[in-house]
J.: 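If you scroll down you'll find the structure; I have some questions about it.
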There are 2 protein chains.
Amino acid sequence: MATIEDVARAAGVSASTVSYVLSGKRSISAPTRQRVEKAIQQLGYRPHAGARALASSRTNVLALMAPLRAGVEVNVIMQFVSSVVLRARDYSYDVLLLTQDDVSGAERVGAGSMVDGIIVMDVEAQDARLPSLARLRQPTVLIGLPRSPGTLSCVDLDFEAAGRLALDHLVGLGHRHVAFVGPPPEVMARHTSYADRVLRGFSGAARDAGIDARTIECEGTAPGAAAAVDELLAHDPALSAVLVHNESALPHVVARFAEHGRRVPDDLSVMIISPPEVATAQPVPLTSIDIPTERVARVAVEMTMARIDGDEPAETRLLTPVVTDRGSTLPAVSP
Amino acid sequence: MATIEDVARAAGVSASTVSYVLSGKRSISAPTRQRVEKAIQQLGYRPHAGARALASSRTNVLALMAPLRAGVEVNVIMQFVSSVVLRARDYSYDVLLLTQDDVSGAERVGAGSMVDGIIVMDVEAQDARLPSLARLRQPTVLIGLPRSPGTLSCVDLDFEAAGRLALDHLVGLGHRHVAFVGPPPEVMARHTSYADRVLRGFSGAARDAGIDARTIECEGTAPGAAAAVDELLAHDPALSAVLVHNESALPHVVARFAEHGRRVPDDLSVMIISPPEVATAQPVPLTSIDIPTERVARVAVEMTMARIDGDEPAETRLLTPVVTDRGSTLPAVSP
DNA sequence: TTAGCGTGTTGAAACGCTTCGACAAACGAT
DNA sequence: ATCGTTTGTCGAAGCGTTTCAACACGCTAA
């Protein structure tokens with residue numbers, strides 16, 4: 001492999017000049033720059049990442065913690081992951097993927113100076129990883145909102161507002177018999193940040209509206225969905241609208257309601273919180289509060305970059321949810 | 001951050017001794033080792049990855065190319081990705097995730113000495129990336145089987161044998177009216193390695209058996225599946241068995257057959273090629289040829305490691321497919 | 001004419017580790 | 001007692017960059 005010295009020799013300059021051509025940190029005369037660039041081309045020179053990291057204390061690598069826990073929506077995870085990778089490239093960064101659900105990976109790559117920053121997914125309300133992350137030299141950005149972020153930056157859709165907004169949307173259509181079909185029990189049990197928050201927003205808004213809105217956890221399987229739907233209808237046969245926050249269960253939920261003779265949207269209004277791709281890919285397109293995965297990922301990367309080379313203070317950004325009406329919610333019929 | 005010198009000073013030895021304690025490449029007396037280890041603990045020392053890479057020409061990082069193209073099964077991809085990450089850890093390796101579908105990412109991290117080896121997913125029959133990959137200093141292992149692997153290692157389920165095996169299984173049960181529901185058109189058009197191979201195996205075996213077995217591409221959506229099923233039945237109303245190699249379409253295919261009054265398994269035998277999790281998660285568990293994602297990933301990592309520090313020659317390993325009968329295929333009823 | 005300044009370039013010192021060759025000490029065999 | 005081996009440790013070179021201080025040069029301003 002060609003080194004910077006080889007390039008310098010070929011161009012008839014010193015190594016430091018080559019370095020300055022590459023980094024642009026000092027002005028270089030046009031002729032010199034051209035000779036250097038030509039030498040780089042001809043030799044196919046690429047700086048050695050390790051040497052560069054050693055000298056500059058910059059790796060141009062980001063760590064992404066994406067624990068693949070039970071009950072998570074793989075599609076959504078993957079959307080975040082690929083968006084983060086894509087956005088990181090805008091800043092000439094690569095992404096190291098960590099999938100363990102403890103913090104050991106982050107400690108290893110952080111303390112070992114393998115990365116300049118860390119993005120963390122699937123955050124829990126009381127996330128055990130946060131103290132260790134806060135101790136690292138590298139800035140950390142959470143996708144999600146724990147109870148006490150401390151000095152860590154956070155970004156996410158405002159899921160609490162989303163829950164509230166969904167309920168208000170349904171109530172605004174005149175629905176008084178409303179329910180929430182949530183993530184599977186294991187996700188709730190972990191107090192996964194988004195799950196808690198939607199629930200809080202939805203239930204809080206229901207209380208404010210004076211409505212008894214039932215909420216239920218739901219496995220992402222056909223039998224699980226059937227059980228959930230059956231229970232909801234048993235509890236309130238007059239049920240006329242549901243909010244679903246569980247992509248895997250969604251088709252089965254809709255199917256089960258159909259078996260009970262409730263068709264969307266005439267007999268039942270359905271909303272979902274999910275990426276738009278999911279809401280539109282259903283047999284009947286669904287009114288939804290879209291999870292803007294691409295935007296969240298972009299902001300996460302931007303925040304990380306700002307903290308890497310700014311020393312910007314930590315910050316929490318919650319994106320405002322919006323209802324996209326796709327026709328699966330209709331005004332309630334008067335009793 | 002503590003450096004190796006700090007540790008050496010604290011332990012009253014030289015830096016090289018600390019290095020040898022860490023690497024085990026020379027024998028160190030027990031007392032010395034203990035002092036060094038204690039110093040490491042107390043200082044919380046972690047070797048600087050860049051410095052280590054510079055000195056040793058080893059990064060302990062693997063690149064994983066996982067292009068997220070249209071029509072790929074995200075679940076399967078994710079299973080591979082997480083298995084690769086997990087297995088890499090067995091060798092103290094981390095994984096850098098590349099998602100671009102061209103080879104530029106691999107060139108960057110390879111030529112820049114960011115990684116020691118490269119694992120490539122979603123390989124096409126005539127994959128344009130192969131020549132560049134072969135030129136890199138780092139060993140590359142393909143998950144998939146291109147037409148001419150050259151000096152690159154390959155590992156995969158033997159999809160051609162799988163196609164053949166599936167057809168033989170169905171014919172063995174007496175079915176003579178058999179069809180294949182394959183991946184979506186965009187996957188076929190790319191000549192994605194596994195897609196081509198299943199098709200070849202299935203069609204070849206059908207020819208050998210003297211059967212006219214229809215094959216059809218299929219979108220992963222409900223309308224797409226309906227269209228495919230309708231066409232198959234129109235072409236051969238006596239159809240009694242299908243092989244599906246398309247997870248997204250699977251539930252819709254089964255549903256559409258049901259709408260035509262064909263129930264699994266009594267009216268229709270169904271097999272699928274997929275990871276076992278998918279086959280078992282269906283309302284009716286399906287007889288399948290399992291894609292052993294975990295095993296393929298493990299072998300891919302092992303092969304990469306062997307070539308990193310062996311200088312083993314390239315090798316192709318095809319895992320033998322096996323039919324797992326879950327009761328969704330029954331003997332054909334005599335006409 | 002000289003002092004001062006900006007521009008472009010360079011040499012050398014880090015950065016933190018691995019590894020080679022050397023060497024001292026301890027040991028066993030003669 | 002001597003020689004050769006083995007064992008444990010060390011010093012120093014080298015890995016390929018970045019970056020700082022210094023310098024040469026040509027200019028402008030006084």
Side-chain angles (χ1 to χ4, degrees), chain A residues 1-37 39-40 43-61 92 108-116 137 309, chain B residues 1-37 39-40 43-61 92 108-116 137 309:
Chain A
M1 286 279 92
T3 73
I4 200 172
E5 288 289 352
D6 299 329
V7 174
R9 208 170 304 124
V13 298
S14 74
S16 48
T17 301
V18 177
S19 178
Y20 287 122
V21 168
L22 249 22
S23 69
K25 294 193 178 172
R26 294 226 175 152
S27 52
I28 299 287
S29 67
T32 304
R33 190 198 340 280
Q34 280 156 18
R35 267 182 302 139
V36 169
E37 277 161 358
I40 289 177
L43 298 176
Y45 166 73
R46 294 267 192 172
H48 186 287
R52 177 171 268 192
L54 180 56
S56 67
S57 308
R58 277 296 186 82
T59 63
N60 276 42
V61 176
S92 301
R108 173 164 36 79
V109 301
S113 299
M114 298 182 72
V115 302
D116 297 338
R137 196 159 58 302
D309 50 31
Chain B
M1 284 279 92
T3 73
I4 201 171
E5 288 289 353
D6 298 330
V7 174
R9 209 170 303 122
V13 299
S14 74
S16 49
T17 300
V18 176
S19 178
Y20 286 123
V21 167
L22 250 23
S23 70
K25 293 193 177 172
R26 290 211 178 164
S27 53
I28 299 288
S29 68
T32 304
R33 191 199 337 280
Q34 281 156 16
R35 267 182 302 140
V36 170
E37 278 162 356
I40 290 177
L43 298 177
Y45 167 73
R46 296 269 193 172
H48 186 287
R52 178 171 267 193
L54 179 56
S56 67
S57 308
R58 277 295 185 81
T59 64
N60 276 251
V61 175
S92 303
R108 174 164 36 80
V109 302
S113 299
M114 298 182 71
V115 302
D116 298 337
R137 197 159 54 313
D309 48 32

J.: For the pair made of CD1 in B:I4 and P in D:dC15, what is the distance, rounded to whole Å?
T.: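 Taking atom P of D:dC15 as the reference, CD1 of B:I4 is at 18 Å.
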
J.: Can you pull the side chain to side chain donor-acceptor pair (under 3.5 Å) pairs that have at least one residue in residues 18-27 of chain B, sequence neighbours excluded?
T.: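 Matches after skipping sequence neighbours: none remain.
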
J.: Look at A:T32 and C:dT9 and indicate whether a side-chain polar atom (N or O) is within less than 4.0 Å of OP1 or OP2.
T.: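 Yes, such a contact exists.
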
J.: Using the test salt bridge (charged side-chain N to carboxylate O under 4.0 Å, His left out), find all partners of A:D309 that sit at least two apart in sequence or belong to another chain.
T.: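 For A:D309, no residue satisfies salt bridge (charged side-chain N to carboxylate O under 4.0 Å, His left out) once neighbours in sequence are set aside.
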
J.: Judged by each residue's nearest nucleotide on DNA chain D, which is more toward the 5′ side, B:S29 or A:H48?
T.: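 The answer here is B:S29.
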
J.: With respect to the phosphate group of C:dG8, does any side-chain polar atom (N or O) of A:S27 fall under 4.0 Å of OP1 or OP2?
T.: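 Yes.
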
J.: Output all residues satisfying side chain to side chain donor-acceptor pair (under 3.5 Å) with B:R33, sequence neighbours left out; order by chain, then residue number.
T.: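 Result, side chain to side chain donor-acceptor pair (under 3.5 Å) vs B:R33: none returned.
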
J.: Just report the end-to-end axis angle for the helix from C:dT1-D:dA30 to C:dT30-D:dA1, five pairs per end, to 10 degrees.
T.: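 If I round to tens, the end axes sit 40° apart.
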
J.: Using every non-hydrogen atom in the two residues, find where A:R137 and A:A111 come nearest and quote the distance to one decimal.
T.: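 A:R137 and A:A111 have their closest heavy atoms at NH2-O, 4.2 Å.
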
J.: Would you indicate what A:R46 reaches in the nucleic acid, counting non-hydrogen atoms under 4.0 angstrom: base, sugar-phosphate, or nothing?
T.: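 Contact class for A:R46: sugar-phosphate only.
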
J.: Residues two or more places apart in sequence or in another chain: which of them pass side chain to side chain donor-acceptor pair (under 3.5 Å) with B:S14?
T.: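 In terms of side chain to side chain donor-acceptor pair (under 3.5 Å), with neighbours along the sequence ignored, B:S14 is linked to B:S16, B:T17.
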
J.: How close do B:A15 and B:E5 get, heavy atom to heavy atom, and via which atoms?
T.: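 That would be CB-OE2, 3.8 Å.
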
J.: Output one letter per nucleotide in nucleotides 19-26 of chain D: B when a protein non-hydrogen atom lies under 4.0 Å from the base, S when only the sugar-phosphate is that close, - when neither is.
T.: BBBB----

J.: Give the rounded distance in Å between these two atoms: CE of B:M1 and C1' of C:dC17.
T.: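 From B:M1 CE to C:dC17 C1': 16 Å.
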
J.: For B:M114 and D:dC15, give me the distance from atom CE to atom P, rounded to whole Å.
T.: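 The distance from CE of B:M114 to P of D:dC15 comes to 22 Å, rounded to the nearest Å.
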
J.: Mind listing the closest non-hydrogen atom pair of A:M114 and B:V61 along with its distance?
T.: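 Taking every non-hydrogen atom into account, CE-CG2, 3.5 Å.
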
J.: For the backbone of A:R58 and the side chain of A:D116, can you confirm whether one donor and one acceptor N or O come within less than 3.5 Å of each other?
T.: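 Pair absent, no side-chain N/O of A:D116 close to backbone of A:R58.
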
J.: Specify the closest pair of heavy atoms between B:L22 and B:Y45, including all atoms of both residues, with the distance to one decimal.
T.: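 Distance-wise, the nearest heavy atoms are CD2-CE2, 3.7 Å.
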
J.: Would one find a side-chain N or O of B:S14 under 4.0 angstrom from OP1 or OP2 of D:dC10?
T.: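 For D:dC10, OP1 or OP2 has a side-chain N or O of B:S14 closer than 4.0 Å.
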
J.: Could you state the CG-C1' distance from B:L22 to C:dT19, rounded to the nearest angstrom?
T.: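 Distance, rounded to whole Å: 14 Å.
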
J.: Separation of A:N60 atom CG from D:dT18 atom P, in whole Å?
T.: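 Atom-to-atom, A:N60 to D:dT18, this comes out as 11 Å.
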
J.: May I have the distance from B:D6 (atom CG) to C:dC17 (atom P), rounded to whole angstrom?
T.: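 B:D6 atom CG is separated from C:dC17 atom P by 9 Å.
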
J.: Could you state the CZ-C1' distance from B:R58 to C:dG16, rounded to the nearest angstrom?
T.: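 Roughly 19 Å, once rounded to whole Å.
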
J.: Could you state the atom-to-atom distance from CD of A:E5 to P of C:dA12 in whole Å?
T.: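 Atom-to-atom, A:E5 to C:dA12, this comes out as 12 Å.
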
J.: What closest approach, in Å, do A:V7 and A:V36 show between heavy atoms, and which atom pair accounts for it?
T.: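 Nearest pair, atom of A:V7 first, then A:V36: CG1-O, 4.2 Å.
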
J.: What nucleotide among C:dT18, C:dG16, D:dT17 has an atom nearest to a side-chain atom of B:L54?
T.: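 Nearest to the side chain of B:L54 among the choices is C:dG16.
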
J.: Quick check on DNA chain C: between A:A51 and A:A30, whose nearest nucleotide comes earlier from the 5' end?
T.: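 Its nearest nucleotide being more 5', the pick is A:A30.
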
